[in-house]
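Below is one structure, written out as structure tokens; comments come after it.
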There are 2 protein chains.
Amino acid sequence: MKSLSDNIEDYIKSLLEANSTIKIQRNKLADKFKCVPSQINYVLKTRFSVERGYIIESYRGGNGYIKITKLSLDINQNLINRLYNIIGNYINQKQSFSIIERLFEEDIISFSEKSLLKTMVNRDSIGLSLPARDKVRARLLKNVLETLLREKG
Amino acid sequence: MKSLSDNIEDYIKSLLEANSTIKIQRNKLADKFKCVPSQINYVLKTRFSVERGYIIESYRGGNGYIKITKLSLDINQNLINRLYNIIGNYINQKQSFSIIERLFEEDIISFSEKSLLKTMVNRDSIGLSLPARDKVRARLLKNVLETLLREKG
DNA sequence: TAGATAAAGGTCAGAGTAGGTCAGAAAAGT
DNA sequence: ACTTTTCTGACCTACTCTGACCTTTATCTA
């Protein structure tokens, strides 16, 4: 059974299949899914983040809207560099999962590579307590991106 | 006389006969057997471990679930299991490289997966000093082997 | 035209829902 | 009696959803 958030996510993605940029109205969408408007913000925040390759812009006031753009980077090297720069000295599990998911969606890594990487940056695998864990994760992931640049760049 | 745990075990196994992957809800199941939810975790831990050929994944929050996968053990999986058991609580870089190399030679992982894994268990990627580094590496690698069991099973 | 009102969207705390962990009590073996 | 296994409950963590309150922009009206 899919959650409300999952359904809204699916709906937005289906819109993005026809067009890489779409405009939605928050209240209308909330109405369609019979939920509170801020639910839409929650979905955008958790599923359409920059790490996942989306840009969100919005405009308030009368005739306001939310614009969602799916970035499609043609040159992988650029994407890898960008992702690399998103990672600072620390990164949490959620963000790192988003980055790995992105690499998969852009065909830079295979499905099983995705699984392996997620396993590697998983908090239980690293097994340290914070903040050491987030620091190790950042290093692991940065090194992986470097390897990917060498291999697939 | 069968214990509660035995009964829950039997029930889960009967579900797994129809499908090698099932999703359950912890609270519902606990309800069905009139026990506390953590009893389910106990059963999963004692009867559905990796060593016994099962993989457990779960998701919290609304619409949360526990996913149980039964692995069909074949030759590769036996190898993976053996490698798994070789790894203790600590493993150094050299040993881990030979395990990864072995996985590659047995066609369990691809060339690029090999590169990624080596990057991950590399001492610079982990970046800690000994013995913490070898401990983290052991955990990482064990979890990777579990993932491989799930993926390539 | 300034000020009021309406019409968007944004933020954040907290309730709700679901699973995880761990120590210790209880029961079952030996 | 002692050891191992089972079972429970208290407390923890993760994800979802709502509602109250806030900001921005457009439009209407005195």
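In the text below, chain A, chain B and the rest are named by the order of the sequence lines, each starting its count at 1.
Using a 4.0 Å heavy-atom criterion, one finds that B/Ile40 contacts no nucleic acid atom at all.
In this entry the distance linking CD of B/Glu9 with P of D/dC7 reads 12 Å, nearest Å. In this structure, B/Gln39 places its CD atom 14 Å from P of C/dA27, rounding to the nearest Å. Between the OH atom of B/Tyr42 and the P atom of D/dG9 there is a distance of 17 Å, rounded to whole Å. Distance B/Lys2 NZ to C/dA27 C1': 19 Å, rounded to the nearest Å. In this structure, the NZ atom of A/Lys67 is 17 Å from the C1' atom of C/dA8, given to the nearest Å. Rounded to a whole Å, the CG atom of B/Leu4 is 17 Å from the P atom of C/dA26.
Side-chain N/O atoms of A/Ser5 include one lying less than 4.0 angstrom from OP1 or OP2 on D/dC17.
Closest non-hydrogen pair, A/Ile126 versus A/Arg137, comes out as CD1-CB, 3.7 Å. The shortest non-hydrogen separation linking A/Ile86 to A/Glu51 is CG2-CG, 4.1 Å.
Follow the hydrophobic side-chain contacts under 4.5 Å out from B/Ile22 and you never reach B/Leu71; the two are in separate clusters.
Nucleotides of DNA chain D nearest to B/Arg47 and B/Val36 differ in position, and the one nearer the 5' end is that of B/Arg47. Between A/Arg123 and A/Val43, the one whose closest nucleotide on DNA chain D sits nearer the 5' end is A/Arg123.
Between A/Lys13 and A/Asp10 there is no salt bridge, since none of the side-chain N atoms of the basic residue sits less than 4.0 Å from a carboxylate O of the acidic one.
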Check the pair A/Lys2 / A/Glu9 against salt bridge (charged side-chain N to carboxylate O under 4.0 Å, His left out), numbers first and verdict last. CA-CA 10 Å; A/Lys2 290 201 168 182; A/Glu9 176 187 6; over 6 Å; no

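When only modelled atom types and interatomic distance are considered, B/Glu146 and B/Tyr84 share a side-chain donor-acceptor pair under 3.5 Å.
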Protein-proximity profile, nucleotides 15-20 of chain C, B/S/- by nucleotide at the 4.0 Å heavy-atom cutoff, equals --BBBB

